[in-house]
Amino acid sequence: MRREVDDPLAEDARFRVPHVLTVAGSDSCAGAGIQADLKACAARGVYCSTVITAITAQNTVGVQGVSIVDEEFVGEQLNSVLSDMCPDVVKTGMLPSPGIIKILSQSLKEFRVGALVVDPVMVSTSGDVLADSSVLASFREELLPLADIVTPNLKEASALLGDGITLETVADMRSAAKHIYEIGPRNVLVKGGDLSASSDAVDVLFDGKNFYEFRSARIKTLNTHGTGCTLASCIAAEVARGSSVFSAVKIAKRYVETALDYSRDIRIGGGHQGPFDHLMKLKNSALDLHVRRPFDPSDLLLYAVTDSRMNQKWGRSISDSVEGAIQGGATIIQLREKEIGTNDFLEAAKTCQQICRHHGVPFLINDRIDIALACDADGIHIGQSDMPARVARTLLGPDKVIGVSCKTPQQAEKAWIDGADYIGCGGVYPTNTKENNITVGLDGLTSVCFASKLPVVAIGGIGISNAQNVLELAVPNLKGVAVVSAVFDRECISSETQKLKRVILDSVGAVK
Ligand SMILES: Nc1ncnc2c1ncn2[C@@H]1O[C@H](COP(=O)(O)OP(=O)(O)OP(=O)(O)O)[C@@H](O)[C@H]1O
Ligand SMILES: Cc1ncc(CO)c(N)n1
Ligand SMILES: [Mg+2]
(Lines give C-alpha, C1' and ligand atoms only; values in the text may rest on other atoms or scores of the structure.)
(Ligands and ions follow the chains in the order given, each with its own letter.)
Protein backbone atom coordinates (compact mmCIF):
# COMPACT_ATOMS: atom_id res chain seq x y z
CA MET A 1 0.00 0.00 0.00
CA ARG A 2 1.50 3.32 -1.05
CA ARG A 3 1.38 6.34 1.15
CA GLU A 4 -1.52 8.70 0.71
CA VAL A 5 -0.11 12.20 0.86
CA ASP A 6 -2.20 14.45 3.05
CA ASP A 7 0.66 16.74 4.06
CA PRO A 8 1.93 18.90 1.18
CA LEU A 9 5.14 19.67 3.13
CA ALA A 10 6.08 15.97 2.97
CA GLU A 11 6.59 16.35 -0.77
CA ASP A 12 8.39 19.69 -0.65
CA ALA A 13 12.09 19.16 -1.38
CA ARG A 14 13.08 22.00 0.97
CA PHE A 15 11.76 20.07 3.94
CA ARG A 16 12.97 16.61 3.01
CA VAL A 17 15.83 15.25 5.06
CA PRO A 18 18.16 12.50 3.87
CA HIS A 19 16.94 9.21 5.27
CA VAL A 20 18.46 5.76 5.72
CA LEU A 21 16.40 2.74 6.71
CA THR A 22 18.51 0.17 8.53
CA VAL A 23 17.35 -3.44 8.56
CA ALA A 24 19.51 -5.04 11.25
CA GLY A 25 19.80 -6.64 14.66
CA SER A 26 19.75 -4.96 18.05
CA ASP A 27 23.01 -5.06 20.02
CA SER A 28 22.36 -4.74 23.75
CA CYS A 29 25.80 -3.25 24.27
CA ALA A 30 24.91 -0.62 21.65
CA GLY A 31 28.27 -0.54 19.91
CA ALA A 32 27.12 -2.39 16.80
CA GLY A 33 23.86 -3.27 15.04
CA ILE A 34 20.84 -0.99 15.01
CA GLN A 35 22.30 1.17 17.75
CA ALA A 36 25.51 1.85 15.81
CA ASP A 37 23.47 2.63 12.70
CA LEU A 38 21.34 5.20 14.55
CA LYS A 39 24.39 6.89 16.02
CA ALA A 40 26.38 6.91 12.78
CA CYS A 41 23.48 8.44 10.84
CA ALA A 42 22.86 10.98 13.59
CA ALA A 43 26.53 11.92 13.56
CA ARG A 44 26.36 12.45 9.79
CA GLY A 45 23.14 14.47 9.94
CA VAL A 46 20.92 11.86 8.33
CA TYR A 47 17.61 10.52 9.61
CA CYS A 48 17.58 6.79 10.35
CA SER A 49 14.55 4.53 10.67
CA THR A 50 14.88 0.93 11.85
CA VAL A 51 13.54 -2.52 11.08
CA ILE A 52 14.76 -4.99 13.70
CA THR A 53 15.53 -8.52 12.55
CA ALA A 54 16.94 -9.99 15.77
CA ILE A 55 17.61 -9.10 19.36
CA THR A 56 21.02 -10.05 20.65
CA ALA A 57 22.22 -10.34 24.23
CA GLN A 58 25.70 -9.00 23.70
CA ASN A 59 28.44 -7.12 25.50
CA THR A 60 32.10 -6.23 25.15
CA VAL A 61 33.07 -9.86 25.81
CA GLY A 62 30.88 -11.59 23.23
CA VAL A 63 27.40 -12.61 22.17
CA GLN A 64 25.49 -14.49 24.87
CA GLY A 65 22.21 -15.02 23.04
CA VAL A 66 20.22 -14.32 19.87
CA SER A 67 16.46 -14.15 19.46
CA ILE A 68 15.37 -13.96 15.83
CA VAL A 69 12.33 -11.83 15.04
CA ASP A 70 9.55 -13.70 13.30
CA GLU A 71 9.84 -13.09 9.54
CA GLU A 72 6.21 -11.97 9.15
CA PHE A 73 6.86 -9.31 11.74
CA VAL A 74 10.00 -8.16 9.96
CA GLY A 75 7.75 -7.85 6.91
CA GLU A 76 5.26 -5.80 8.89
CA GLN A 77 7.98 -3.38 10.06
CA LEU A 78 9.28 -3.06 6.48
CA ASN A 79 5.81 -2.30 5.23
CA SER A 80 5.21 0.30 7.92
CA VAL A 81 8.36 2.24 7.11
CA LEU A 82 8.57 1.80 3.34
CA SER A 83 4.87 2.53 2.67
CA ASP A 84 5.06 5.83 4.52
CA MET A 85 8.51 7.30 4.93
CA CYS A 86 10.27 6.93 1.57
CA PRO A 87 13.85 6.34 2.79
CA ASP A 88 16.54 7.27 0.26
CA VAL A 89 18.75 4.30 1.07
CA VAL A 90 18.23 0.91 2.71
CA LYS A 91 21.18 -0.47 4.66
CA THR A 92 21.17 -4.06 5.87
CA GLY A 93 23.07 -5.61 8.76
CA MET A 94 22.25 -8.84 10.59
CA LEU A 95 19.78 -10.86 8.47
CA PRO A 96 19.65 -14.09 10.44
CA SER A 97 17.33 -16.30 8.35
CA PRO A 98 16.66 -17.04 4.68
CA GLY A 99 12.98 -16.16 5.28
CA ILE A 100 13.92 -12.64 6.43
CA ILE A 101 16.14 -12.11 3.39
CA LYS A 102 13.30 -13.23 1.12
CA ILE A 103 10.78 -10.84 2.71
CA LEU A 104 13.31 -8.03 2.47
CA SER A 105 14.11 -8.59 -1.19
CA GLN A 106 10.38 -8.72 -1.98
CA SER A 107 9.83 -5.42 -0.16
CA LEU A 108 12.75 -3.83 -2.00
CA LYS A 109 11.19 -4.79 -5.31
CA GLU A 110 7.76 -3.51 -4.25
CA PHE A 111 8.90 -0.19 -2.81
CA ARG A 112 11.72 1.14 -4.92
CA VAL A 113 14.47 2.86 -2.93
CA GLY A 114 17.35 4.98 -4.20
CA ALA A 115 20.13 2.63 -3.16
CA LEU A 116 20.86 -0.55 -1.21
CA VAL A 117 23.93 -0.99 1.02
CA VAL A 118 24.45 -4.58 2.17
CA ASP A 119 26.74 -5.33 5.11
CA PRO A 120 26.70 -9.14 4.99
CA VAL A 121 26.98 -9.63 8.76
CA MET A 122 27.81 -13.20 9.67
CA VAL A 123 30.34 -13.17 12.46
CA SER A 124 30.77 -10.55 15.20
CA THR A 125 34.18 -9.06 15.94
CA SER A 126 34.29 -11.33 18.99
CA GLY A 127 34.01 -14.34 16.65
CA ASP A 128 30.40 -15.24 17.47
CA VAL A 129 28.09 -16.43 14.69
CA LEU A 130 25.26 -13.99 13.90
CA ALA A 131 23.95 -15.70 10.77
CA ASP A 132 24.79 -19.28 9.87
CA SER A 133 25.62 -20.73 6.47
CA SER A 134 21.92 -21.28 5.68
CA VAL A 135 21.68 -17.58 4.73
CA LEU A 136 24.61 -17.64 2.31
CA ALA A 137 22.61 -18.82 -0.67
CA SER A 138 19.91 -16.20 0.01
CA PHE A 139 22.52 -13.45 0.24
CA ARG A 140 24.04 -14.53 -3.03
CA GLU A 141 20.84 -15.14 -4.96
CA GLU A 142 18.40 -12.58 -3.62
CA LEU A 143 20.20 -9.64 -2.06
CA LEU A 144 23.60 -9.09 -3.65
CA PRO A 145 22.15 -8.67 -7.15
CA LEU A 146 20.06 -5.76 -5.83
CA ALA A 147 22.94 -4.12 -3.92
CA ASP A 148 24.69 -0.90 -4.90
CA ILE A 149 27.50 -1.88 -2.57
CA VAL A 150 28.28 -4.88 -0.39
CA THR A 151 30.80 -4.56 2.45
CA PRO A 152 32.12 -7.93 3.66
CA ASN A 153 34.99 -8.25 6.15
CA LEU A 154 37.67 -10.84 5.42
CA LYS A 155 35.75 -13.82 6.83
CA GLU A 156 32.48 -12.77 5.23
CA ALA A 157 34.17 -12.33 1.85
CA SER A 158 35.52 -15.84 1.94
CA ALA A 159 32.15 -17.21 3.16
CA LEU A 160 30.32 -15.47 0.29
CA LEU A 161 32.74 -17.03 -2.16
CA GLY A 162 32.34 -20.39 -0.50
CA ASP A 163 35.82 -21.50 -1.50
CA GLY A 164 37.15 -21.83 2.02
CA ILE A 165 40.17 -19.68 1.15
CA THR A 166 41.42 -17.43 3.95
CA LEU A 167 42.22 -13.87 2.83
CA GLU A 168 45.66 -12.84 4.03
CA THR A 169 46.91 -10.06 1.76
CA VAL A 170 45.64 -7.01 -0.09
CA ALA A 171 46.05 -9.03 -3.29
CA ASP A 172 43.71 -11.67 -1.82
CA MET A 173 41.22 -8.90 -0.99
CA ARG A 174 41.32 -7.62 -4.58
CA SER A 175 40.73 -11.05 -5.97
CA ALA A 176 37.84 -11.67 -3.56
CA ALA A 177 36.28 -8.29 -4.45
CA LYS A 178 36.40 -9.18 -8.13
CA HIS A 179 34.74 -12.56 -7.61
CA ILE A 180 32.03 -11.17 -5.32
CA TYR A 181 31.32 -8.52 -7.97
CA GLU A 182 30.40 -11.34 -10.33
CA ILE A 183 27.54 -12.30 -7.99
CA GLY A 184 25.82 -9.07 -8.98
CA PRO A 185 26.40 -6.04 -6.71
CA ARG A 186 27.41 -2.75 -8.38
CA ASN A 187 30.36 -2.26 -5.98
CA VAL A 188 32.26 -4.47 -3.55
CA LEU A 189 34.20 -3.16 -0.55
CA VAL A 190 36.31 -5.82 1.16
CA LYS A 191 37.24 -4.51 4.63
CA GLY A 192 40.65 -5.19 6.03
CA GLY A 193 40.13 -4.37 9.70
CA ASP A 194 41.18 -7.92 10.51
CA LEU A 195 44.12 -8.07 8.12
CA SER A 196 46.72 -8.64 10.79
CA ALA A 197 49.61 -8.62 8.28
CA SER A 198 49.00 -4.93 7.54
CA SER A 199 50.08 -2.11 9.82
CA ASP A 200 47.45 0.12 8.18
CA ALA A 201 43.73 -0.56 8.02
CA VAL A 202 43.23 -1.13 4.29
CA ASP A 203 39.88 -1.59 2.52
CA VAL A 204 39.59 -2.50 -1.17
CA LEU A 205 36.78 -1.19 -3.39
CA PHE A 206 36.01 -2.72 -6.81
CA ASP A 207 33.42 -1.05 -9.03
CA GLY A 208 33.57 -3.52 -11.90
CA LYS A 209 36.34 -1.62 -13.67
CA ASN A 210 38.79 -0.25 -11.16
CA PHE A 211 40.22 -1.14 -7.79
CA TYR A 212 40.65 1.55 -5.15
CA GLU A 213 42.51 1.12 -1.88
CA PHE A 214 41.41 3.15 1.12
CA ARG A 215 44.03 3.30 3.82
CA SER A 216 44.02 4.71 7.30
CA ALA A 217 46.31 4.36 10.28
CA ARG A 218 45.47 1.26 12.33
CA ILE A 219 44.34 2.77 15.62
CA LYS A 220 45.62 0.91 18.68
CA THR A 221 42.48 0.52 20.73
CA LEU A 222 40.21 -2.12 22.23
CA ASN A 223 37.18 -0.12 21.09
CA THR A 224 36.49 -1.55 17.63
CA HIS A 225 33.12 -3.15 18.36
CA GLY A 226 30.77 -2.19 15.54
CA THR A 227 33.26 -0.62 13.13
CA GLY A 228 31.74 -2.60 10.25
CA CYS A 229 28.14 -1.61 10.99
CA THR A 230 29.23 1.99 11.41
CA LEU A 231 31.19 2.06 8.17
CA ALA A 232 28.22 0.67 6.21
CA SER A 233 25.76 3.10 7.85
CA CYS A 234 28.01 6.02 7.15
CA ILE A 235 28.31 4.95 3.49
CA ALA A 236 24.50 4.71 3.36
CA ALA A 237 24.17 8.14 4.99
CA GLU A 238 26.53 9.80 2.52
CA VAL A 239 24.77 8.16 -0.43
CA ALA A 240 21.45 9.40 1.02
CA ARG A 241 22.96 12.90 1.03
CA GLY A 242 23.74 12.58 -2.64
CA SER A 243 27.36 11.34 -2.74
CA SER A 244 28.66 8.78 -5.22
CA VAL A 245 29.55 5.40 -3.72
CA PHE A 246 33.25 6.23 -4.08
CA SER A 247 33.01 9.52 -2.16
CA ALA A 248 30.73 7.90 0.41
CA VAL A 249 33.33 5.19 1.13
CA LYS A 250 36.08 7.80 1.41
CA ILE A 251 34.12 9.86 3.93
CA ALA A 252 32.93 6.80 5.87
CA LYS A 253 36.45 5.45 6.20
CA ARG A 254 37.71 8.81 7.46
CA TYR A 255 34.82 9.03 9.89
CA VAL A 256 35.52 5.57 11.39
CA GLU A 257 39.23 6.36 11.70
CA THR A 258 38.55 9.70 13.41
CA ALA A 259 35.97 8.23 15.80
CA LEU A 260 38.27 5.31 16.72
CA ASP A 261 41.17 7.66 17.30
CA TYR A 262 39.04 9.95 19.46
CA SER A 263 37.73 6.95 21.45
CA ARG A 264 40.97 5.00 21.71
CA ASP A 265 41.25 5.35 25.49
CA ILE A 266 37.63 5.43 26.68
CA ARG A 267 36.53 2.43 28.76
CA ILE A 268 32.99 1.08 28.58
CA GLY A 269 32.72 -2.56 29.67
CA GLY A 270 35.44 -4.93 30.76
CA GLY A 271 35.89 -7.02 27.58
CA HIS A 272 38.17 -6.72 24.58
CA GLN A 273 35.51 -5.42 22.18
CA GLY A 274 34.57 -2.04 23.55
CA PRO A 275 32.21 0.36 21.79
CA PHE A 276 33.56 3.64 20.43
CA ASP A 277 32.05 7.09 20.56
CA HIS A 278 30.20 7.89 17.33
CA LEU A 279 29.44 11.45 18.36
CA MET A 280 32.93 12.15 19.69
CA LYS A 281 31.70 13.77 22.87
CA LEU A 282 32.09 11.26 25.69
CA LYS A 283 35.73 11.95 26.44
CA ASN A 284 35.02 15.62 27.14
CA SER A 285 31.96 14.87 29.21
CA ALA A 286 33.90 12.39 31.35
CA LEU A 287 36.37 15.17 32.16
CA ASP A 288 33.52 17.63 32.62
CA LEU A 289 31.96 15.47 35.30
CA HIS A 290 34.91 16.23 37.53
CA VAL A 291 35.31 19.91 36.87
CA ARG A 292 32.19 21.52 35.48
CA ARG A 293 29.13 22.30 37.54
CA PRO A 294 25.88 23.87 36.38
CA PHE A 295 25.51 27.65 36.41
CA ASP A 296 24.05 29.03 39.63
CA PRO A 297 22.59 32.57 39.79
CA SER A 298 24.68 33.20 42.91
CA ASP A 299 27.73 33.02 40.60
CA LEU A 300 26.77 36.58 39.55
CA LEU A 301 27.67 38.02 42.98
CA LEU A 302 31.03 39.52 41.97
CA TYR A 303 31.30 39.43 38.22
CA ALA A 304 34.70 40.52 36.84
CA VAL A 305 34.94 41.68 33.20
CA THR A 306 38.44 42.05 31.74
CA ASP A 307 39.63 44.98 29.62
CA SER A 308 42.67 44.85 27.35
CA ARG A 309 43.48 48.56 27.61
CA MET A 310 43.69 48.35 31.38
CA ASN A 311 45.97 45.35 31.18
CA GLN A 312 48.20 47.20 28.73
CA LYS A 313 48.26 50.24 30.97
CA TRP A 314 49.41 48.19 33.95
CA GLY A 315 51.63 45.88 31.88
CA ARG A 316 49.83 42.68 32.82
CA SER A 317 48.79 39.63 30.88
CA ILE A 318 45.10 38.78 30.65
CA SER A 319 45.66 35.55 32.52
CA ASP A 320 47.50 37.27 35.39
CA SER A 321 44.56 39.67 35.73
CA VAL A 322 42.08 36.82 35.79
CA GLU A 323 44.13 34.90 38.34
CA GLY A 324 44.24 38.05 40.53
CA ALA A 325 40.49 38.62 40.34
CA ILE A 326 39.80 35.04 41.32
CA GLN A 327 42.30 35.23 44.20
CA GLY A 328 40.41 38.29 45.43
CA GLY A 329 37.05 36.48 45.36
CA ALA A 330 35.49 37.08 41.91
CA THR A 331 32.69 34.56 41.41
CA ILE A 332 32.53 34.65 37.60
CA ILE A 333 34.90 35.88 34.88
CA GLN A 334 34.10 37.36 31.49
CA LEU A 335 36.84 37.89 28.92
CA ARG A 336 36.04 41.08 27.01
CA GLU A 337 38.88 41.79 24.62
CA LYS A 338 37.99 44.26 21.91
CA GLU A 339 41.48 45.12 20.75
CA ILE A 340 43.43 41.93 20.19
CA GLY A 341 43.59 39.61 17.21
CA THR A 342 41.69 36.34 17.12
CA ASN A 343 44.77 34.18 17.57
CA ASP A 344 45.97 36.06 20.67
CA PHE A 345 42.41 36.16 22.03
CA LEU A 346 42.08 32.40 21.66
CA GLU A 347 45.42 31.69 23.32
CA ALA A 348 44.51 33.98 26.24
CA ALA A 349 41.05 32.42 26.43
CA LYS A 350 42.48 28.89 26.64
CA THR A 351 44.80 29.86 29.48
CA CYS A 352 42.04 31.70 31.37
CA GLN A 353 39.64 28.81 30.84
CA GLN A 354 42.09 26.50 32.59
CA ILE A 355 42.61 28.93 35.45
CA CYS A 356 38.86 29.36 35.96
CA ARG A 357 38.14 25.65 35.71
CA HIS A 358 40.89 24.94 38.21
CA HIS A 359 39.18 27.29 40.68
CA GLY A 360 35.63 26.19 39.85
CA VAL A 361 34.72 29.71 38.63
CA PRO A 362 32.48 30.01 35.53
CA PHE A 363 34.28 31.48 32.52
CA LEU A 364 32.44 33.43 29.82
CA ILE A 365 33.55 35.11 26.60
CA ASN A 366 32.15 38.44 25.47
CA ASP A 367 30.47 38.36 22.08
CA ARG A 368 32.78 35.83 20.31
CA ILE A 369 30.97 32.52 20.03
CA ASP A 370 33.77 31.12 17.90
CA ILE A 371 36.30 31.77 20.67
CA ALA A 372 33.92 30.35 23.30
CA LEU A 373 33.54 27.14 21.28
CA ALA A 374 37.22 26.85 20.50
CA CYS A 375 38.34 27.19 24.13
CA ASP A 376 35.33 25.32 25.56
CA ALA A 377 34.31 28.28 27.73
CA ASP A 378 31.30 27.89 30.02
CA GLY A 379 29.35 30.38 27.96
CA ILE A 380 29.11 33.82 26.41
CA HIS A 381 27.82 37.28 27.13
CA ILE A 382 26.19 39.15 24.25
CA GLY A 383 24.88 42.65 23.65
CA GLN A 384 21.75 43.77 21.83
CA SER A 385 23.61 44.21 18.55
CA ASP A 386 25.60 40.94 18.75
CA MET A 387 24.40 37.52 17.56
CA PRO A 388 20.77 37.00 18.68
CA ALA A 389 20.56 34.87 21.84
CA ARG A 390 18.34 32.31 20.13
CA VAL A 391 20.91 31.69 17.40
CA ALA A 392 23.68 31.59 20.01
CA ARG A 393 21.72 28.96 21.94
CA THR A 394 21.43 26.80 18.83
CA LEU A 395 25.17 27.06 18.25
CA LEU A 396 26.20 26.48 21.85
CA GLY A 397 23.70 23.79 22.87
CA PRO A 398 21.56 23.56 25.99
CA ASP A 399 24.18 23.55 28.73
CA LYS A 400 26.30 26.64 28.04
CA VAL A 401 25.62 29.87 29.87
CA ILE A 402 24.26 32.79 27.86
CA GLY A 403 24.03 36.29 29.30
CA VAL A 404 22.44 39.23 27.48
CA SER A 405 22.86 42.97 28.11
CA CYS A 406 19.44 44.58 28.59
CA LYS A 407 18.37 48.13 29.32
CA THR A 408 14.60 47.72 29.25
CA PRO A 409 11.94 45.30 30.52
CA GLN A 410 11.14 44.45 26.87
CA GLN A 411 14.72 43.39 26.21
CA ALA A 412 14.70 41.35 29.43
CA GLU A 413 11.54 39.58 28.34
CA LYS A 414 13.06 38.80 24.94
CA ALA A 415 16.28 37.46 26.50
CA TRP A 416 14.17 35.06 28.56
CA ILE A 417 12.14 33.93 25.55
CA ASP A 418 15.34 33.43 23.56
CA GLY A 419 16.77 31.04 26.15
CA ALA A 420 19.32 33.22 28.01
CA ASP A 421 20.44 32.31 31.55
CA TYR A 422 20.92 35.77 33.02
CA ILE A 423 20.84 39.40 32.02
CA GLY A 424 23.31 42.20 32.61
CA CYS A 425 21.60 45.55 33.22
CA GLY A 426 23.28 48.93 32.92
CA GLY A 427 24.99 51.29 32.78
CA VAL A 428 23.78 51.88 36.25
CA TYR A 429 26.26 54.77 36.63
CA PRO A 430 28.17 56.65 33.93
CA THR A 431 31.30 54.77 32.82
CA ASN A 432 34.35 55.31 30.63
CA THR A 433 34.73 51.63 29.82
CA LYS A 434 31.98 51.65 27.24
CA GLU A 435 31.64 54.56 24.81
CA ASN A 436 28.24 56.13 24.09
CA ASN A 437 26.58 53.92 26.63
CA ILE A 438 23.22 55.15 27.88
CA THR A 439 22.98 55.27 31.66
CA VAL A 440 19.80 53.65 32.97
CA GLY A 441 20.39 54.61 36.59
CA LEU A 442 19.08 52.86 39.67
CA ASP A 443 15.53 53.44 38.44
CA GLY A 444 16.16 51.72 35.12
CA LEU A 445 17.83 48.83 36.95
CA THR A 446 14.89 48.55 39.31
CA SER A 447 12.29 48.34 36.55
CA VAL A 448 14.31 45.74 34.64
CA CYS A 449 14.78 43.64 37.80
CA PHE A 450 11.05 43.71 38.57
CA ALA A 451 10.16 42.71 35.01
CA SER A 452 12.89 40.09 34.52
CA LYS A 453 12.26 36.38 34.70
CA LEU A 454 16.02 35.82 34.75
CA PRO A 455 18.66 36.63 37.36
CA VAL A 456 20.19 40.08 36.88
CA VAL A 457 23.69 41.42 37.39
CA ALA A 458 24.08 45.20 37.55
CA ILE A 459 26.88 46.81 35.51
CA GLY A 460 28.29 50.23 34.69
CA GLY A 461 30.44 52.46 36.88
CA ILE A 462 30.06 50.24 39.93
CA GLY A 463 32.88 50.00 42.50
CA ILE A 464 33.68 50.01 46.19
CA SER A 465 32.08 53.43 46.72
CA ASN A 466 28.64 52.62 45.31
CA ALA A 467 28.15 48.83 45.24
CA GLN A 468 26.25 49.07 48.48
CA ASN A 469 23.73 51.56 46.97
CA VAL A 470 23.03 49.13 44.16
CA LEU A 471 22.64 46.01 46.26
CA GLU A 472 20.58 47.72 48.94
CA LEU A 473 17.88 48.26 46.33
CA ALA A 474 17.10 44.66 47.26
CA VAL A 475 14.94 44.31 44.16
CA PRO A 476 13.85 40.85 42.96
CA ASN A 477 16.32 38.96 40.74
CA LEU A 478 19.29 41.22 41.43
CA LYS A 479 22.10 38.77 42.19
CA GLY A 480 25.28 40.82 42.08
CA VAL A 481 27.41 43.49 40.48
CA ALA A 482 29.71 43.36 37.47
CA VAL A 483 32.87 45.44 37.49
CA VAL A 484 35.68 46.35 35.10
CA SER A 485 37.76 49.34 36.23
CA ALA A 486 37.03 48.81 39.92
CA VAL A 487 39.25 45.75 39.92
CA PHE A 488 41.30 45.76 36.70
CA ASP A 489 42.27 49.47 36.59
CA ARG A 490 44.05 49.13 39.94
CA GLU A 491 47.59 48.42 40.99
CA CYS A 492 46.76 45.25 42.90
CA ILE A 493 43.81 43.39 41.40
CA SER A 494 43.46 40.76 44.10
CA SER A 495 43.39 43.16 47.06
CA GLU A 496 40.94 45.53 45.30
CA THR A 497 38.69 42.59 44.48
CA GLN A 498 38.91 41.42 48.05
CA LYS A 499 37.85 44.86 49.38
CA LEU A 500 34.95 44.98 46.95
CA LYS A 501 33.90 41.48 47.93
CA ARG A 502 33.74 42.58 51.57
CA VAL A 503 31.46 45.52 50.64
CA ILE A 504 29.23 43.24 48.56
CA LEU A 505 28.94 40.59 51.27
CA ASP A 506 28.18 43.28 53.89
CA SER A 507 25.49 44.85 51.67
CA VAL A 508 23.88 41.53 50.85
CA GLY A 509 24.08 40.52 54.52
CA ALA A 510 22.48 43.80 55.57
CA VAL A 511 19.65 43.28 53.09
CA LYS A 512 18.96 39.71 54.22
N1 LIG B 1 42.05 -0.50 14.51
C2 LIG B 1 41.54 0.10 13.44
N3 LIG B 1 42.00 1.32 13.06
C4 LIG B 1 41.48 1.96 11.99
N5 LIG B 1 40.50 1.46 11.24
C6 LIG B 1 39.99 0.25 11.56
C7 LIG B 1 40.47 -0.49 12.67
N8 LIG B 1 39.77 -1.65 12.76
C9 LIG B 1 38.88 -1.62 11.74
N10 LIG B 1 39.02 -0.49 10.99
C11 LIG B 1 38.23 -0.07 9.84
O12 LIG B 1 36.87 -0.18 10.23
C13 LIG B 1 36.07 -0.57 9.13
C14 LIG B 1 35.34 -1.87 9.48
O15 LIG B 1 36.22 -2.95 9.23
P16 LIG B 1 36.22 -4.33 9.97
O17 LIG B 1 37.10 -5.20 9.14
O18 LIG B 1 36.57 -4.12 11.39
O19 LIG B 1 34.69 -4.74 9.83
P20 LIG B 1 33.83 -5.77 10.64
O21 LIG B 1 34.67 -6.94 10.99
O22 LIG B 1 32.62 -6.00 9.83
O23 LIG B 1 33.45 -4.95 11.96
P24 LIG B 1 32.37 -5.34 13.10
O25 LIG B 1 32.02 -6.74 12.93
O26 LIG B 1 33.05 -5.00 14.39
O27 LIG B 1 31.20 -4.43 12.92
C28 LIG B 1 37.03 -0.72 7.97
O29 LIG B 1 37.05 0.50 7.25
C30 LIG B 1 38.36 -0.98 8.63
O31 LIG B 1 39.44 -0.63 7.81
C1 LIG C 1 23.38 -7.03 16.22
C2 LIG C 1 24.74 -7.03 15.61
N3 LIG C 1 24.88 -6.75 14.30
C4 LIG C 1 26.11 -6.73 13.75
C5 LIG C 1 27.23 -6.98 14.50
C6 LIG C 1 28.60 -6.98 13.83
O7 LIG C 1 29.53 -6.36 14.52
C8 LIG C 1 27.06 -7.28 15.87
N9 LIG C 1 28.10 -7.53 16.68
N10 LIG C 1 25.80 -7.28 16.40
MG1 LIG D 1 30.91 -6.76 10.26
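Indexing begins at 1, ligand by ligand and atom by atom, following the structure's order.
- Put simply, part of S26 is less than 4.0 Å from ligand 2, judged by heavy atoms.
- Judged purely by distance below 3.5 Å, without hydrogens or angles, the side chains of R44 and S233 never pair a donor atom with an acceptor atom.
- Counting heavy atoms under 4.0 Å from ligand 1, residue L231 touches it through the side chain alone.
- Side-chain contact annotation: T60 with H225, donor-acceptor N/O pair under 3.5 Å absent.
- The distance criterion of under 3.5 Å between nitrogen or oxygen atoms is met by K191 with respect to ligand 1.
- A donor-acceptor contact closer than 3.5 angstrom is absent between the side chains of T224 and T227.
- Listed by number with element, the atoms of ligand 1 under 4.0 angstrom from any heavy atom of A217 are 3 (N), 4 (C).
- The heavy atom nearest to atom 23 (O) of ligand 1, considering only P275, G228, A157, is found in G228.
- Within the 4.0 Å heavy-atom cutoff, C229 counts among the residues contacting ligand 2.
- Looking at G93, G193, S216, it is G193 that brings a heavy atom closest to atom 17 (O) of ligand 1.
- A salt bridge links E238 to R241: at least one charged side-chain nitrogen sits closer than 4.0 Å to a carboxylate oxygen.
- In the vicinity of V256, heavy-atom distances shorter than 4.0 Å reach the ligand 1 atoms 12 (O).
- Inclusion of T221 in the set of residues having an N or O under 3.5 Å from an N or O of ligand 1 is not warranted.
- Scanning M122, Q58, E156 for the heavy atom closest to atom 10 (N) of ligand 2 points to Q58.
- Numbered from 1 in the order shown, with element, the atoms of ligand 1 that lie under 4.0 Å from a heavy atom of C229 read 27 (O).
- Checked against E213 for a salt bridge (Lys or Arg N to Asp or Glu O under 4.0 Å), the options K253, K191, R174 give a single hit: R174.
- Set against the non-hydrogen atoms of T224, the atoms of ligand 1 under 4.0 Å away are 26 (O).
- Nearest to atom 8 (C) of ligand 2 by heavy atom, out of L130, V63, I34, T56, is L130.
- Of all atoms in ligand 1, numbered sequentially from 1 with element shown, those under 4.0 Å from a heavy atom of A201 are 4 (C), 5 (N), 6 (C), 31 (O).
- With H225, K253, Q273, K220 as candidates, the residue nearest to atom 31 (O) of ligand 1 on a non-hydrogen basis is K253.
- Counting heavy atoms under 4.0 Å from ligand 1, residue D203 touches it through the side chain alone.
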Pair F276, H278 - check ring-ring contact (aromatic ring centres under 6.0 Å, His included), show working. CA-CA 6 Å; F276 60 95; H278 292 76; 4.5 Å; yes

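- Contacts with ligand 1 closer than 4.0 Å are made by no heavy atom of T230, backbone or side chain.
- The distance from ligand 1 to the heavy atoms of R218 drops below 4.0 Å at these ligand atoms: 1 (N), 3 (N).
- Numbered from 1 in the order shown, with element, the atoms of ligand 1 that lie under 4.0 Å from a heavy atom of G226 read 26 (O), 27 (O).
- For residues 53-68, no residue pair satisfies the salt bridge (Lys or Arg N to Asp or Glu O under 4.0 Å) rule, not counting sequence neighbours.
- Those atoms of ligand 1 with a heavy atom of L260 less than 4.0 angstrom away are 2 (C), 3 (N), 4 (C), 5 (N), 6 (C), 7 (C).
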